[in-house]
Amino acid sequence: MELINAENPAELNDSSTEMSQTDEVIAALERNGVNFMNSASSRAMMTKKGKPKVAMRIDIPATTPARTISAVTSMLWEDLVNQPKKEGSGDFINRKKIQCAEKMIRSAFVELYRGLGLLKTYSSLNMVAFTKILKKFDKVSNQQASASYLKAVKRSHFISSDKVVRLMDEVESIFTKHFANNDRKKAMKFLRPQQQKNSHMVTFFVGLFTGSFVSLFSVYIILAHLSGIFSPSKEIAYMETVYPVFSVFALLSLHLFLYGCNLFMWKATRINYNFIFEFAPSTALKYRDAFLICTTFMTSVVGAMVIHLLLRAGGFSPSHVDTIPGILLLISIALLVCPFDIFYRPTRYCFLRIIRNIICSPLYKVLMVDFFMADQLTSQIPLLRHLESTACYFLAGSFKTHEYATCKNGKLYRQLAYVISFLPYYWRAMQCARRWFDEYDLNHLANMGKYVSAMVAAGARLTYATQSNHLWFSVVLVTSVVATIYQLYWDFVKDWGLLNPNSRNPWLRDDLILKNKSIYYLSIALNVVLRVAWIESIMRFRINSVETHLLDFFLASLEVIRRGHWNFYRLENEHLNNVGKFRAVKTVPLPFRDADSDG
């Protein structure tokens, strides 16, 4: 306002208030920079002299199993044994803690630098906006007043102040000195990571593999029809042994395709998924890359299916031919853990790291990407069941004898079915327990109850599959209805942030990224329909074993599609929450605190 009429005292007061608020922001950033510099100096002093000059201790967050156990052990040891010897707390600092502290300070510097860059960009964008607005004003009013107004804009503290630039230079200097061995080029790789450049080759290969997949799949359908492998009277063994392996790859490829669609929609709607998932911009997967992985995967799988049928029709030994799915599975696992920098190694290793965090729940601190991936696993229980039957089939040597009933009739196999069906829900429940322990938010305990109810419903359905009586039918019906209502409430209210009766958008939420409101209502209805697909498990619309397998695969695909549909709205809600709370950079706590603060 003071730019338009600087003679108004009230507007001058608003201007001075705005300038003071800007000064407070800059001063806070400067204080953070000084704190980081002091922490870095303390780190250097400890590295060189062995002990700190001041009474200081290092607190490393218990984000890993080793740190969790170490934190509990250290807490008990200090409380029970070393409580009278608080003046010697500096003796507990070891080299491993220093390395962890150094990594945390480095991350804090990177986030501080990124925040300063965003503030600088915000100032520049406002200057450009004022310039364009004033040019438009001149054009509409037929006046030449923009020059005088622009002088006032350029004199404003927000534009003329160079504190942000000076603070960025100071952060660069400190980071280069303490974390890059005075190598500025190395320091800039951390502070200003380069974005990946889009390659037309990726688009070309996506189209090439898509066409190859369609052609090979057409050939497979023709060969399958001619050989009669889907005939219940001819090839029961194929559906019981080979088909589950290929179903694993098909479900995984479908999930990859939907993830690529999610990436495309998140980018199109400007949802900052890299920040939400804490992905590195230089190595983060893009939607074209996801489509390339998916199409490459499916082309290889369908090619293997065609080769398998051709070799069977050529009269080769079935015991040798049926090893092809197992070989394909081993190649996929070897490629996943391959240490060479090929085929998206950062993404592969990030995936393995997330799976490790999920399996070791609740020992690892739970991040957004961890519980997001765990939610994906809850939709891939049929895939895990197929992996169980595949592992049993090959490890038991059934591919040589074609005795596929060896695994299915085993007591251990049936017991493992319960374990595998429970595991994704158990991991997710443990993540909720860990988040409650870290944040003391009762919502996490309520969320854990949702996964416990899902475990009970899954166990009831498995039991009903072997004991079909009225009692278990009633148990399945009650537990499944309760779990479904629980899940639908959490989907719409907690995960998507919808069904707000007081919203300006009826029964949605105040802020919507998609302009067409009807899409949200249709998505709610679609999620309800796909959530109740379990009804088929108690109605049993089956005629023979072939149709049973095909129907199970179809229902598993519907659940994967539901999860891909759910993903978009879950991240949309998370993004809007970040925007509403002005979160644009990560909060990285410093690892140091004075020993005197212990009391």
Side-chain angles (χ1 to χ4, degrees), residues 61-65 67-69 71-72 255 276-277 351-385 387-388 415-463 475-476 478-497 527 530-534 537 556 559-560 562-563 566-567 569-571 573-574:
T63 57
T64 65
R67 292 181 186 176
T68 303
I69 296 172
V72 174
H255 215 137
I276 295 174
F277 290 141
F351 173 76
L352 292 174
R353 193 162 52 247
I354 294 170
I355 294 298
R356 177 205 63 189
N357 295 352
I358 294 173
I359 293 174
C360 296
S361 300
L363 298 179
Y364 282 94
K365 183 179 180 180
V366 182
L367 303 178
M368 172 71 186
V369 68
D370 295 330
F371 65 77
F372 187 83
M373 178 60 74
D375 280 327
Q376 311 305 306
L377 292 180
T378 60
S379 296
Q380 285 287 15
I381 292 177
L383 183 148
L384 299 177
R385 292 288 309 277
L387 283 177
E388 176 200 10
Q415 292 174 344
L416 282 176
Y418 285 92
V419 175
I420 292 174
S421 299
F422 290 165
L423 269 180
Y425 299 119
Y426 167 78
W427 289 330
R428 193 65 187 87
M430 290 298 99
Q431 287 180 335
C432 294
R434 175 60 190 261
R435 294 189 70 191
W436 171 79
F437 180 79
D438 290 338
E439 304 172 17
Y440 300 103
D441 187 351
L442 292 178
N443 282 322
H444 296 313
L445 290 182
N447 196 17
M448 183 175 69
K450 180 187 70 173
Y451 294 103
V452 172
S453 68
M455 290 173 62
V456 174
R461 287 196 288 269
L462 281 175
T463 305
V475 173
V476 167
V478 172
T479 55
S480 296
V481 168
V482 171
T484 301
I485 294 174
Y486 206 154
Q487 291 164 349
L488 288 174
Y489 168 80
W490 208 269
D491 284 344
F492 300 141
V493 177
K494 299 295 184 179
D495 291 335
W496 293 3
N527 192 66
L530 295 179
R531 274 289 191 188
V532 298
W534 55 266
S537 64
E559 172 58 21
V560 174
R562 188 201 66 81
R563 180 59 63 181
W566 176 92
N567 288 344
Y569 297 101
R570 176 65 182 89
L571 237 67
N573 189 39
E574 186 71 19

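Count residues from 1 along the sequence.
Side-chain contact between Phe372 and Ile354 is absent, with no heavy atoms from C-beta onward closer than 4.5 Å. In this structure, Phe351 and Met373 have side chains that are in contact, with non-hydrogen atoms separated by less than 4.5 Å. Arg353 has its side chain out of reach of Val369: every pair of non-hydrogen atoms, C-beta onward, lies at least 4.5 Å apart. Here the side chains of Leu423 and Leu384 are not in contact, with every heavy-atom distance at 4.5 Å or above. His255 places a side-chain heavy atom less than 4.5 Å from the side chain of Arg563. Under the 4.5 Å side-chain criterion, counting only non-hydrogen atoms from C-beta, Pro424 is not in contact with Gln380. Residues Ser361 and Val366 are not in side-chain contact: their nearest non-hydrogen atoms beyond the backbone lie 4.5 Å or more apart. By the 4.5 Å heavy-atom criterion applied to side chains, Asn443 and Asn447 are not counted as neighbours.
The two residues Ala417 and Glu388 have their closest heavy-atom pair at N-OE2, 3.6 Å. For Ala460 against Val476, the heavy-atom pair with the smallest separation is O-CG2, 3.2 Å. Residues Asp370 and Lys365 come closest through the heavy atom pair OD2-O, 3.6 Å.
Separating the CD1 atom in Ile485 from the CH2 atom in Trp490 is a distance of 15.5 Å, to the nearest 0.5 Å. Thr378 OG1 to Gln376 CD: the interatomic distance, rounded to the nearest 0.5 Å, is 7.5 Å. Here Ile358 contributes atom CD1 and Gln431 contributes atom CD; the two are 5.5 Å apart, rounded to the nearest 0.5 Å. The CG atom of Leu367 sits 7.5 Å away from atom CG of Asn357, with the distance rounded to the nearest 0.5 Å. Here CD1 of Ile355 is found 11.0 Å from SG of Cys360. Values are rounded to the nearest 0.5 Å.
The neighbour count for Tyr426 OH, taken as heavy atoms of other residues, nucleotides or ligands under 6.0 Å away, does not exceed 12. Annotation for Tyr418: atom OH counts as buried by contact number, over 12 foreign heavy atoms lying within 6.0 Å.
Trp436 and Tyr440 have perpendicular rings, their planes meeting at more than 60° on a 0 to 90° scale where under 30° would count as parallel.
At least one donor-acceptor pair under 3.5 Å links the side chain of Asn573 to the backbone N or O of Asp495.
The side chain to side chain donor-acceptor pair (under 3.5 Å) search around Tyr451 returns Asp375, Arg428, not counting sequence neighbours. Scored by the salt bridge (charged side-chain N to carboxylate O under 4.0 Å, His left out) test, Arg562 finds Asp491, Glu559 as partners (sequence neighbours excluded).
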